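Contents: one structure, followed by commentary.
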Amino acid sequence: MGRYVYDFTKGRRDMADLLGGKGANLAEMTRLGLPVPQGFVVTTEACRAFLTSGTEPEGMSREISRHLSAVEAAAGRVLGQPDGPLLLSVRSGARFSMPGMMETVLDIGLNDASVVGLAKSSGNERFAWDSYRRLVQMFGSTVMGVDAELFERAMARLKETRGAPDDLHLDASDLAGLVETYKDLIHDATGDDFPQSPAEQLRRAVLAVFGSWNGERARLYRRREHIADDLGTAVTVQRMVFGNLGPDSGSGVAFTRDPATGRSGLYGDYLSDAQGEDVVAGIRNPVPLAGLERLDPASYQQLREHMRTLENHYRDLCDIEFTIERGKLWMLQTRVGKRTAGAAFAIAAELVDEGLITADEALSRVSGDGLARLMFPRFDTTVTGDPLAHGLPASPGAAVGAAVFDSAEAVRRAAAGEKVVLVRQETTPDDLPGMVAAQAVLTSRGGKTSHAAVVARGMGKVCVCGAEELTVDTGARRFTTRGGTVVEEGTVISVDGSAGAVYPGEAPLVDSAVMRYLETGTCAEQSDEVVDAVARSLQLADRKRRLEVRANADTPEDAARARRFGAQGVGLCRTEHMFLGERRKLVEQMILADDDDTRERALDALLPLQREDFVGILEAMDGLPVTIRLLDPPLHEFLPDRTELAVRIATAEAHGDLPDPHDTELLDAVNRMHEENPMLGLRGVRLGLVVPGLVAMQVRAIAEAVVERRRAGGAPEAEIMVPLVGAVEELRIEREEVERVLAEVSAESGVAVTCPVGTMIELPRAALTAGRIAGQAEFFSFGTNDLTQTTWGFSRDDVEAAFFSAYLDKGVFAASPFETIDREGVGRLVSLAVAEGRAARPDLTIGVCGEHGGDPESVRFFHGAGLDYVSCSPFRIPVARLEAGRAALPETGPSDSR
Ligand code: PEP
Ligand code: MG
C-alpha cells in the first residue's frame, strides 16, 4: 500500500486523521456495502508535506495514477476518454468538518473532445456543456486564481442577452459559447490556457485543494473553531455521479434526526435536476425530504434504509449527502452531524433510551459550552407583537442588532462595538467574516441545510433562513416585508432562531427554559425534552465528578443563586467591593490617618458593616465552606482619581479661590501612593503587612460573623484566604495576626472560632515554593488570573485589547490564556505546586478561583491536575458541574462532531 493515497476500500472510519472526515466516512460506507461511487483519498500527510515544502510530494503522482487506473477499470471507462468519459470530483476533507471553507473541483476530465462524448453517452447535450462550463469556472477560480466574479458577470450578461430568468433557460449552444468566454477570461487573466489534459487537471486540482487549507476563509474558521493549523486536509477523488440529468435525477441533504431540535425522524432537503452544491448554496428552494417519497418512492425507501443503517452503525445523528442519477441512488457523504446545543442534549438522551449508547457516552457527547448557550435568554413572545416575517428556525437563540446587508459592513460596525444582524438573500463562504461579527444571520432563501444554516449552527449563532416573505435588496441596503414595510440598513431588528421569526426593534427577553429549570430545579414547560435531557446530564455529571464546584460570590444574593445552581460553597469572596459606595469615605479616612486613633476610628466604623456582609453570605451558604479573601487591590483604588483632583485644585486656583483643603490632602495621599505598576505593587498580602489594623479588622469581622451565625443556630464555615503571597514568611506573619484575632474573638464571645487559613497561589514564586508555603497554609487556591498575568508578563487589563487578536492570528496561541489555561506554562506551575504542596501537607485542600475555574477546557485540566474544586461565577456553575463530570469519564478517544 502506498504512502499518500488510499482506496476507499482500504480505509476506515477511525482513520480520519489521515483520510480526513469525509474520506474516512466514505471508506466506512463502502465497507458497509452502501452505494458509494468509487474513489480514493490523497492523505493529509501528503498535504502537510506539500504545505511544508511547497512542492508535490515525491511519488504522489505515481500513486494517484495507480489508484485512478483501478477506478477506471471498475468503471470500464477512462478519465476524459473522448467517447463517454469517466469524470471525477476532487473535494477537500479535513479531520474536522469545515463546511464550505476549502475548495472543490467537479467534472475533472472534461475537455473540448470529451464534452462531445459526454453529450452522446448521456444523450443530453445541454447537460454536457453545462458540466464543462462548471469545470472551467471552478478550475479557473480555484486552481488558476481567476476572480470568481468575472465568471459570474459573464454568466449574468449571457442571461440578460438571452432574456433567461435563470441558468436552466440557457441551452446547449449558449453554454458552449459560455465555455469559450470563460476560457478567454482565463487566458486574459493568467496568460495561460485552461488545461485540456485530464491528468493535468486532476494533478493541479489536488494541489489547489491542498493550498486552500491556508486560504483566508479556512484560517478564520479554524481560529474560531479552535482547529489546529497544522493538520492539513485530505483530498477525496471520486467518480462523478450526476443529479442534473433531468427530472429523474436530483441531489439532497438528509439528517437522521432534526439537527435543530434533536427530534427523531428524517429531515432534509431535496432538489431535483440539480447537483449537490446547488442544494447547499440555496440557489433554488429545495423541497423537504418527504417530497422525494412522491417523486421517487423506490429511491426514498432505499435512502431511509441506508440512513437507518448509518445511524445504527455510528450510533449518532448522521448527516448525509446523496445524489440520484436517473433513478439510481448514490451516497456521496456522511458524517456525524453538527447540531444545535439543545439538540445535542436531546439526542444524547434519546439514544440512551433507545439503547444505542450508554449514559456515560451521552455525557461525553454534550458540552459545557452547549449548556452555556442554552442558558441565554429568549424573546418573550407574549409581548413581541407581530413578526416582520417568518422563516425557518435554523439555529436557535434570541439576538438583537442593526440590520446590515453585507459582510464588510457587519465587520465594520461590529468592530465599532455595534450589534448587527447580517441579512442576505443567501450566504456564501465569503460571508464568513460577517457571520462571525454578527449576532444573527437572516436569509430570504435556502433551507435548513443551506450554507447560512449549517455554518451558523456550527458557530452557535442565531439564524433564521429561507424567510421568503422578505425581499432582500443588498444593492439598496434594505429589505421589504410582504406587507410592504421597508427596513433600511442600521434599523434594529430582533431575530428568534428558535421560532424562526423576525421582529421589528428590540424585543424583550425572558429567561430560557433551561435557566428556569436551573433556578428552580423544576421544569415549567411540561415535557420539554431539552430541559429533561439537561437535567439528566447534570445529575449524571454530579454522580461522576470528583471535582467539587464552588462559586465566586461577594454578596448574599450571588451566593444564594450559586447555591441554587448547585454550588458547594464559595471559593472566592472578594472583599474589595465591600469597601466602595458609602463606605469609601471610611476607607479614605483609614488611608489618610496619620495617627493610630483616627485610623482605628475608621476601622471601627467599617467593622460592623463588614461583619454584616459576612453574616449574609455565611447564611446563604450555611453548612458549606465560604472562602473569604482578605483585601487585595492597591489602596489608591479606593481614593479619587489623581487627574480629577489635580484639575479640581487647579480650577479653584485659577479662579483665585483657595482649593478645598480636603482635596489637597487627598491629592497628597494619592501622589504618595501612586504606583507605575499597581498590579505589581502594594497589594495583596503586602497591604496586610504594612497597613496597621486592616487585617485585624477584617478577621474580627469574619470571626464575629461566625459567632453571630452560630448563636443563630447556623453552621458557618468561614475560611480565611491571603492573596498574592510570594514567600512563606509573608504568610507566616499574616497568619500569626489572623490567629491572634481569632483567639481574641473566641475569648470575648465564649464561642471557639477556628477558621482554616490558606493562601492564593497566584505568583510564580508561590508556585515554585509551594512546598514551603504549604507549611503555613491549610489550603491553596490558584488565582490563575494573576498567575497568568505574572507568568506571561501580560498586563491583564491591557493586553487583550492591545494585541491578542494579532497573537491569535499569528498562532502564538489558539485561545486567550486568560480564558483557557495555558497548560504548558501556567498549567505546569499549577501541577508543580499541587505536587509539592501535597508532598509537604497531604491533607492540603486545593482549588482554583481564577476565571479559568468556569472554562470547560480548563476544568478538564484541573481535574487531571488533581485539584479538589473549581470556583467560578454563579452562572458558570452548571457548566463547571457538567464539565467536571465529563472530565471524570474514562477516555473515549476523540469524537467526530465538533
Ligand atoms: C486571580 O488572580 O485569579 C484571582 C482570582 O484574583 P483576582 O482576579 O481578584 O486578582
Ligand atoms: Mg488575583
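All heavy atoms count here, side chains included; hydrogens, waters and symmetry mates do not. When a ligand or atom number is given, it counts from 1 through the structure's own listing order. Keep in mind the model is a prediction, meaning the values are calculated, not measured.
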Query raised in the report: Which one holds for D632 and ligand 1: side chain close, backbone close, both close, or neither close, with close meaning a heavy atom under 4.0 Å?
Result: side chain
Query raised in the report: Checking salt bridge (charged side-chain N to carboxylate O under 4.0 Å, His left out) for the pair R545/E883: CA distance, chi angles, key distance, verdict?
Result: CA-CA 9 Å; R545 68 189 160 91; E883 286 295 341; over 6 Å; no
Query raised in the report: Below 2.8 Å, any N, O or S contact between D786 and the Mg ion (ligand 2)?
Result: yes
Report summary line: One finds that the ligand 1 atoms under 4.0 Å from a non-hydrogen atom of C849 are 5 (C)
Requested in this report: With R550 as the cation and Y869 as the aromatic partner, state whether NZ or CZ is under 6.0 Å from the six-membered ring centre and within 45° of the axis.
Outcome: yes
Report task. Using a 4.0 Å heavy-atom threshold (strictly under), name the region of N552 that reaches ligand 1: side chain, backbone, both or neither. Result -> neither
Query - Heavy-atom nearest neighbour in the protein, as seen from atom 6 (O) of ligand 1, with distance rounded to 0.1 Å - result: R629 NH1, 2.9 Å
Requested in this report: For the Mg ion (ligand 2), find the closest N/O/S atom on E762 and give its atom name.
Outcome: OE1
Query raised in the report: For ligand 1, which part of R574 has a heavy atom less than 4.0 Å away: the side chain, the backbone, both, or neither?
Result: side chain
Report task. Evaluate the ring planes of F782 and F780, with Trp represented by its six-membered ring, and classify them as parallel (under 30°), tilted (30 to 60°) or perpendicular (over 60°). Result -> perpendicular
Query - Ligand-side contact atoms (ligand 1) for residue partner L572, heavy atom cut-off under 4.0 Å - result: 5 (C)
Report task. May I ask you to list the atoms of ligand 1 that are less than 4.0 angstrom from any heavy atom of G783? Result -> 1 (C), 2 (O), 3 (O)
Report task. Could you tell me which atoms of ligand 1, counted from 1 in the order shown, lie closer than 4.0 angstrom to a heavy atom of N785? Result -> 1 (C), 2 (O), 3 (O), 4 (C), 5 (C), 8 (O)
Query raised in the report: Judging by distance only, is a nitrogen or oxygen of D786 under 3.5 angstrom from one on ligand 1?
Result: yes
Report task. Walk me through it: do R629 and E576 pass the test salt bridge (charged side-chain N to carboxylate O under 4.0 Å, His left out)? Result -> CA-CA 9 Å; R629 178 176 75 181; E576 45 268 27; 2.7 Å; yes
Report task. Could you go through the salt bridge (charged side-chain N to carboxylate O under 4.0 Å, His left out) check for R740 and E744 one step at a time? Result -> CA-CA 6 Å; R740 183 185 63 73; E744 244 173 52; 2.6 Å; yes
**Report entry** Distance flag, aromatic centroids of F803 and F794, threshold under 6.0 Å
**Finding:** yes
Report task. Between R796, H852, E851, flag the one that comes closest to atom 8 (O) of ligand 1 by a heavy atom. Result -> R796
Query - Expected output: side-chain E857 to main-chain T820 donor-acceptor under 3.5 Å - result: no
Requested in this report: Enumerate the atoms of ligand 1 whose separation from the nearest heavy atom of M760 is less than 4.0 angstrom.
Outcome: 4 (C), 5 (C), 6 (O)
**Report entry** Test item: R796 side-chain N/O and Q789 main-chain N/O as donor-acceptor pair under 3.5 Å
**Finding:** no
Report task. Begin with the C-alpha distance, continue with both residues' side-chain angles, and end with the deciding distance and a verdict on side chain to side chain contact (heavy atoms under 4.5 Å, CB included) for V830 and V834. Result -> CA-CA 6 Å; V830 168; V834 170; 4.3 Å; yes
